[in-house]
Amino acid sequence: MAKKSAEYQAVARKDLTYRQWIWKEMKRNWAAYLMILPYVLIFTTFTVVPVLLSIVISFTDFNMLQMPNPVGLENYINLFFADDVFLTACTNTLIFAVIVGPVSYLMSFLVAWFINELSPRIRSIVTLIFYAPAISGQVYTIWGVLFDADSTGWVNATLLELGLISEPKTWFQDADWVMPLCIVVALWTSLGTSFLSFIAGLQGVDRSLYEAGAVDGVKNRWQELWYITLPSMKPQLMFGAIMAITSSFGFGGVVTALAGFPSVDYAAHTIMHHLEDYGGQRYEIGYSSTIAVVLFAIMIGANMVVKKVISKVGS
Amino acid sequence: MARLRTRKHKVVLSRSAGGDVGITILLTLLGIFMVLPMVYVISQSLKPLDELWMYPPRFLVSQPTLNNFKDLFVLMNDSWVPFSRYIFNTLLTSIAGTFGHLFLASMAAYALAKIKFPGGKTIFKTIRTSLMFHSTVTAVTSFIIMSALHMIDTYWAIIVPAWGYTLGLYLMKQFMDSAVPDTVLESARLDGASELRTYWTIAMPMVKPAWLTLIIYSFQNLWNAGASIYIYSEQFKSFNYAIGQITAGGIKRQGASAAATVLMMAVPILVFIITQSNIIETMGSSGMKD
């Protein structure tokens, strides 16, 4: 029956030009367009248009007050060749992203994998413990209290007591310490959506594959992981990677809350902060849009690299 | 041929004891790292004044008291805009944003997952690509658009963008792909049911875990929303923002600040405890296939 109707459609399509056929299909499915319309309108207005607008504005000197003038590539040239703070921000962002992205990704996966064989009740408790920091809003500010710059801060007091330091360190106000500490805090909040996705993916791996694998000579849990588990959950690995990249490039908020804005000597200044600086405070919208476009390009590039890497898993 | 043994009714490979021990140790260490700051913030919120100022400071509270929570409520009553207004703002935006999102996103997800129409795939791919972008990148241009739409400094500036939250649509579409069989929809269509009716009466009841997940994610985002660049009138600002203002009053308010943090985090954590199994079920189909 189904085959017959497919044949019928194929014949019908042959009689029409491609354009006529599309038009007919569109008319037949008018209900579908109606159903996606409200969502797509909002998505376009608040996601697609802002992105396109950023690209257009990045070639102008728009400042919210005067009519924008086209300036060609001037913003881009200034950004890359005349803005030292941007280069610092780029370096910091890359350090953050290169450490936080992969480490949080691996941590999410390993924890999900370790708890996969536990009983459901224990598994759900462990899941809660690891996931809680990611959903608890601004709870990460507690790190600022733990690492208080004063000797009354718990970390300073403990280190002083143990004789490891002779005077209190200023931690989040110390250019040497602010980056590593922010990275630790970022990792602490990073077991989020991808973590849950991995837990679910591992639960969904077909058990009989493991038995078949054992028969085929899989010897230990690492081989099992590489040859069976990882290949069967590639879609989750891909989704998790995108989530990890997005959050590792976009967590300026943690730094601002703990280290202030701008951070000491720009030591933890990221591209996100640079964008906020020019867009939200100096109203140089043209220039800030240029920063946004560069950030888009970096994110897309990172996603393409990761896609390539994941497609190699299990081979 | 490798040795097989059974553990809890399922066949697993022989595991080395060394590996088991190593994994347990690693997991415990990571668990301690995750849980200690949480314990500290709860302990801080229960410390009486003299313990907050004790030197050397103690990690755990020894004589717990609820005074910090009382202080917090006193501070709340002192605020210029009545505190109930902030709570009302957060509740209003959370509820309106979440339910609008659930309805619009699931309707679009149904059409994208279950109806084949020209352009559907391209639209879904575009939405999926936008998962890569953090919304703060477009904050400035969104501001321009919202001011053109006269939405700045109204509740709409928070509510309407929340309707278009992309992760929700993505998860719903993926879940519908796997949880709603085409045959059931086909027979409903043969019976003459409209697409809208099929969506509402047949598909939606089958994807309960997904809509719970959508509600939780959207609610979490809106509940945790602090100061927004789109709102500047004090009477429209969120609960989270107001709490932040109270606790930003310097070190004198450390106790009240910890109490506020505990109150704010209790809500999403409780919600997650109740809905965990549904969220995990939804995540089972979150994978990206190509």
Side-chain angles (χ1 to χ4, degrees), chain A residues 22 25-26 29 31-32 35-36 38-40 42-43 45-47 49-51 53-54 111 114 124 128-130 132-133 135-137 139 142-143 146 152 154 157 161 196-197 199-200 204 207 211 214-215 218-219 221 224 235-236 238-239 242 246 249-250 272 279-280 285 288 292 295 299 303, chain B residues 1-2 4 10-11 13 15 19 23 27 30-31 34-35 37-38 40-41 55-57 59 104-105 107-108 111-112 115 117-118 123 127 130-134 136-138 140-142 145 160-161 163-164 195 220 224 229 240 261 264-265 268-269 272-273 276 279-280 283-284 286-289:
Chain A
I22 289 278
E25 278 293 289
M26 285 173 83
N29 290 303
M35 288 175 90
I36 62 167
Y39 184 88
V40 168
I42 290 167
F43 174 74
T45 316
F46 297 103
T47 307
V49 176
V51 171
L53 201 59
S54 300
V111 174
F114 292 163
S124 66
L128 178 68
I129 289 175
F130 282 86
I135 50 168
S136 303
V139 71
I142 197 63
W143 287 85
L146 273 168
T152 49
W154 185 76
E161 196 90 325
L196 297 186
S197 172
I199 292 176
R207 297 271 144 208
E211 290 163 41
V215 176
V218 168
K219 282 194 200 67
R221 73 178 99 210
E224 189 182 283
Q236 265 87 9
M238 194 61 229
F239 174 69
I242 288 178
T246 312
F249 277 107
M272 219 56 137
I285 309 297
S288 81
L295 200 53
M299 284 180 176
N303 275 290
Chain B
M1 203 164 97
L4 289 172
K10 56 191 183 201
V11 181
L13 273 163
R15 298 278 192 244
I23 284 174
L27 197 61
L30 272 176
M34 296 308 281
V35 93
M38 292 295 214
Y40 189 68
V41 74
Y55 188 85
F59 197 84
L104 296 186
M107 192 164 71
L112 291 170
I115 308 176
F117 60 94
I123 290 168
I127 293 171
S130 77
L131 286 176
M132 290 182 211
F133 300 141
H134 207 276
T136 42
V137 185
T138 54
V140 175
T141 32
S142 296
I145 289 164
V160 179
W163 291 350
E195 287 293 354
Q220 257 168 26
N224 287 331
I229 61 163
N240 196 0
T261 313
M264 284 306 285
M265 75 185 202
I269 289 182
F272 180 70
I273 291 175
Q276 197 192 105
I279 295 180
I280 300 280
M283 289 296 168
S286 66
M288 237 169 237
K289 274 166 198 109

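Residue numbering restarts at 1 for every chain, and letters A, B, ... go by the order of the sequence lines.
- Residues Ala157(A) and Pro57(B) approach most closely at CB-CD, 3.2 Å, considering heavy atoms.
- For Ser130(B), the part lying under 4.5 angstrom from a heavy atom of chain A is the side chain only.
- For the set Ile123(B), Val35(B), Ile127(B), the count of heavy-atom pairs under 4.5 angstrom toward chain A peaks at Ile127(B).
- In terms of heavy atoms, Ser54(A) sits closest to Thr141(B) at OG-OG1, 3.3 Å.
- Shortest non-hydrogen contact noted between Val137(B) and Met272(A) is CG2-CE, 3.8 Å.
- Taking 4.5 Å as the limit, some side-chain heavy atom of Phe130(A) sits within range of a side-chain heavy atom of Leu27(B).
- Two residues are said to be in side-chain contact when any heavy atoms from C-beta on lie closer than 4.5 Å; Thr47(A) and Thr138(B) fail this criterion.
- Heavy atoms closer than 4.5 Å to chain A are found in the side chain of Ile115(B), but not in its backbone.
- A distance of 10.5 Å separates CD1 of Ile242(A) from CZ of Phe133(B), quoted to the nearest 0.5 Å.
- In this structure the side chain of Met38(B) never reaches within 4.5 angstrom of the side chain of Ile142(A), judged on heavy atoms.
- The candidate from Val49(A), Leu146(A), Ile199(A) with the greatest count of non-hydrogen atom pairs under 4.5 Å with chain B is Leu146(A).
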* Does the side chain to side chain contact (heavy atoms under 4.5 Å, CB included) test come out yes or no for Phe272(B) and Leu196(A), once each step is laid out? -> CA-CA 12 Å; Phe272(B) 180 70; Leu196(A) 297 186; 4.1 Å; yes
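- Heavy-atom distances place the side chain of Leu295(A), and not its backbone, under 4.5 Å from chain B.
- Taking CD1 from Ile36(A) and CG from Leu112(B), the interatomic distance works out to 5.5 Å, rounded to the nearest 0.5 Å.
- Interface remark: Gln220(B) contributes side-chain atoms only to the contact with chain A (heavy atom separation under 4.5 Å).
- Contact count versus chain B (heavy atoms, under 4.5 Å) is highest, among Ala32(A), Pro235(A), Ala132(A), Ala292(A), for Pro235(A).
- Of the inter-residue distances, the one linking Met35(A) atom CE with Met107(B) atom CE reads 6.0 Å to the nearest 0.5 angstrom.
- Atom CG of Leu131(B) and atom CG of Asn303(A) lie 9.5 Å apart (nearest 0.5 Å).
- With a 4.5 Å cut-off on non-hydrogen atoms, Ile145(B) touches chain A through its side chain but not through its backbone.
- Comparing Pro38(A), Ala31(A), Gly204(A), Ser124(A) by heavy-atom pairs within less than 4.5 Å of chain B, the highest count is held by Ser124(A).
- A 4.5 Å side-chain heavy-atom check between Ile269(B) and Ser136(A) finds at least one atom pair inside the cut-off.
- Residues Gly284(B) and Ala200(A) share a closest heavy-atom pair of N-CB, 3.3 Å.
- No side-chain donor-acceptor contact under 3.5 Å links Asn29(A) to the backbone of Pro118(B).
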* To do: Could you go through the ring-ring contact (aromatic ring centres under 6.0 Å, His included) check for Trp154(A) and Phe59(B) one step at a time?
  => CA-CA 7 Å; Trp154(A) 185 76; Phe59(B) 197 84; 4.8 Å; yes
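- Side-chain N/O atoms of Ser197(A) and Ser286(B) include a donor and acceptor closer than 3.5 Å.
- Val139(A) has its side chain out of reach of Met264(B): every pair of non-hydrogen atoms, C-beta onward, lies at least 4.5 Å apart.
- Within the model, atoms CD of Glu25(A) and CZ of Phe117(B) stand 11.5 Å from one another, a figure rounded to the nearest 0.5 Å.
- Atom OG1 of residue Thr246(A) and atom CE of residue Met132(B) lie 8.0 Å apart, to the nearest 0.5 angstrom.
- Gly31(B) and Ile129(A) get closest at one heavy-atom pair: O-CG2, 4.3 Å.
- Shortest non-hydrogen contact noted between Gln236(A) and Met283(B) is NE2-O, 3.6 Å.
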